[in-house]
Amino acid sequence: MPDRDIREALGLRPVINVSGTMTSLGASIVVPEAIAAMTGILPQFVEINDLQRKISPVIARLTGAEAGFVTASCSAGISLAVAGTMTGSDIAAIERLPDTTGLKNEVIIQMGHVVSYGAPVDQAIRIAGGKPVLVGQATSAYRYHIEGAINERTAAAVYVVSHHVVQYGLVGLREFAEACHAKGVPVIVDAASEYDLKIFLEQGADIVLYSGHKFLGGPTSGIVAGDKTLVRNAFLQNLGIGRGMKIGKESMLGVMAALIAWETRDHQGIRDRETSYLHLWRDTLDGRPGIKPVIEADPTGNPLDRLRVTIDPQEAHITAWDLADALARGAPPVIVRDHELEHNYFYLDPCNLHPGQETIVANRLSEELTKARSSNEIIATPLHERNTRRFAGLLRWPD
């Protein structure tokens with residue numbers, strides 16, 4: 001970690017992130033190679049489109065795509081890729097979006113894939129003027145649902161890979177792509193938080209969207225990779241709706257550096273270190289009343305495990321969400337992965353820690369659990385009150 005923490009000067013809380021590669025916390029630790037590249041280009045002028053052309057072969061090499069470019073975020077990539085399938089290279093149509101008069105504009109997506117990553121996935125489609133066509137049900141979909149939804153107005157199909165989506169009962173990517181390709185429909189895959197940069201194109205995707213700032217450790221950005229014609233048509237949207245999604249020279253070069261660094265990263269060494277953190281936390285929690293710590297694999301197949309901490313409030317004297325909030329309020333604040341708290345568990349993700357922070361996390365867990373256990377009453381805030389506070393805080397911004 002740097003000797004000087006700029007957060008203190010700005011009056012920001014120095015949070016410790018065991019939530020994962022979350023945009024709301026700044027996504028990830030940017031790798032030194034990206035920081036150096038960004039610092040080097042910031043004082044200089046460059047022809048942006050030419051820089052994109054230099055990045056394209058690097059994206060292609062790392063992903064197996066024919067071409068690629070960098071945009072503001074993976075969410076922006078969804079909008080640009082969808083727009084490209086509707087307008088092609090027609091610049092007049094590009095400038096008219098989100099007005100899709102005279103264009104194919106229906107976009108197929110499985111109902112179980114319509115999730116929120118901070119905003120609804122289907123909104124990224126609608127921003128471009130696309131009309132989401134939800135197929136199947138929330139927990140089940142079959143090939144006939146996809147085939148039956150395709151018609152002369154279908155422009156594209158979107159497939160989401162995420163821990164948020166339903167992990168059972170839906171059509172897998174290979175079959176999804178086969179059904180779409182049989183009727184000439186291109187497939188766009190949102191793989192924002194995925195470690196494997198090649199598997200989705202290999203399984204039939206035409207365009208894949210990756211986050212440049214999550215596992216890659218680049219600056220905030222999105223990567224659009226895939227078929228050369230579709231990538232070009234998506235890139236041309238910078239003449240239209242993509243203008244508001246533009247990315248600076250420093251982020252573009254930072255992503256390029258992060259991609260190159262990815263090729264020589266010690267992936268196994270990183271995994272071994274993260275596993276040692278999980279063992280430390282599990283050992284810290286083992287034997288505590290009402291606490292069940294279990295190491296679990298990532299649900300989408302990333303080479304990453306997390307510690308699931310299940311809490312029995314009667315024994316631990318605290319609910320999962322109250323413990324999560326206590327950790328977040330403390331000194332230092334520890335932010336856990338809390339998207340399934342209503343089931344009385346949360347996760348500890350080891351992938352974004354500076355050396356020594358794993359011990360701080362273990363100590364904070366012990367501190368809060370000891371405090372709760374010594375309480376005469378069970379700490380149990382109604383969950384709906386917690387949710388109300390969360391959104392009330394957003395609505396008050398700025399104070």
Side-chain angles (χ1 to χ4, degrees), residues 59-68 74-75 77-78 80-82 84-86 104 106-115 117 121-122 124-125 130 132-151 153-211 214-216 222-231 233-234 262 297-304:
I59 294 173
R61 185 173 76 244
L62 268 291
T63 64
E66 293 179 353
C74 199
S75 178
I78 296 173
L80 299 179
V82 165
T85 64
M86 297 189 297
K104 296 180 178 180
E106 292 188 1
V107 180
I108 292 170
I109 182 169
Q110 295 181 83
M111 189 178 292
H113 283 190
V114 181
V115 296
Y117 44 67
V121 168
D122 58 316
I125 296 169
V133 176
L134 279 54
V135 299
Q137 292 81 43
T139 57
S140 66
Y142 298 94
R143 185 171 184 143
Y144 70 82
H145 286 128
I146 299 161
E147 293 171 336
I150 297 173
N151 58 48
R153 297 178 300 278
T154 306
V158 169
Y159 189 97
V160 180
V161 183
S162 169
H163 67 279
H164 287 300
V165 306
V166 175
Q167 300 295 336
Y168 61 91
L170 303 184
V171 179
L173 177 56
R174 285 190 189 277
E175 186 178 9
F176 187 86
E178 287 172 2
C180 291
H181 291 163
K183 297 193 176 185
V185 175
V187 174
I188 299 163
V189 172
D190 173 4
S193 297
E194 300 310 301
Y195 207 93
D196 192 325
L197 300 179
K198 292 189 174 181
I199 190 171
F200 305 108
L201 288 170
E202 291 171 353
Q203 290 182 349
D206 298 288
I207 281 188
V208 182
L209 313 166
Y210 295 101
S211 170
K214 294 192 174 178
F215 284 122
L216 281 172
I223 297 169
V224 180
D227 173 87
K228 180 185 287 188
T229 299
L230 292 174
V231 167
N233 293 343
W262 184 259
D298 179 81
T300 64
N302 289 315
L304 171 72

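Between the side chain of His145 and the main chain of Val135, no donor-acceptor pair closer than 3.5 Å is present. Using a distance-only test at 3.5 Å, with no hydrogens or angles considered, no donor-acceptor pair links the side chain of Glu175 to the main chain of Leu173. No side-chain donor-acceptor contact under 3.5 Å links Glu147 to the backbone of Cys180.
Here the side chains of Thr300 and Gln167 are in contact, with some heavy-atom distance below 4.5 Å. Between Thr229 and Asn233, the closest side-chain pair of non-hydrogen atoms falls below 4.5 Å. Looking at Asp206 and His181, their side chains come closer than 4.5 Å, going by heavy atoms from C-beta outward. No side-chain heavy atom of Leu304 sits under 4.5 Å from any side-chain heavy atom of Tyr195.
Taken to the nearest 0.5 Å, the CZ atom of Phe215 stands 4.5 Å off from the CG atom of Asn302. The line from CG of Leu197 to CD1 of Ile199 is 11.0 Å long, rounded to the nearest 0.5 Å. Annotation: the span from Leu216 atom CG to Ser211 atom OG amounts to 7.5 Å, rounded to 0.5 Å. Note that CD1 of Ile78 and CG of Asp122 are 10.0 Å apart. Values are rounded to the nearest 0.5 Å. For the atom pair Gln110 CD and Tyr142 OH, the distance stands at 11.5 Å (nearest 0.5 Å).
For the residue pair Thr154 and Ala149, the shortest heavy atom distance occurs at OG1-O, 3.8 Å. Between Gly226 and Val231, the shortest heavy-atom distance links the atoms N-CG2, 3.5 Å. The two residues Ala177 and Gly204 have their closest heavy-atom pair at CB-O, 3.6 Å. Here the closest non-hydrogen pair linking Lys104 and Met86 is O-CG, 3.2 Å.
Looking at Ile188, Val189, Ile223 one by one, the single match for side-chain contact (heavy atoms from CB on, under 4.5 Å) with Leu209 turns out to be Ile188.
Atom NZ of Lys183 has more than 12 neighbouring heavy atoms from other residues, nucleotides or ligands inside a 6.0 Å radius.
Ring orientation note: the planes of Tyr210 and Phe200 are tilted relative to one another, at an angle of 30° to 60°.
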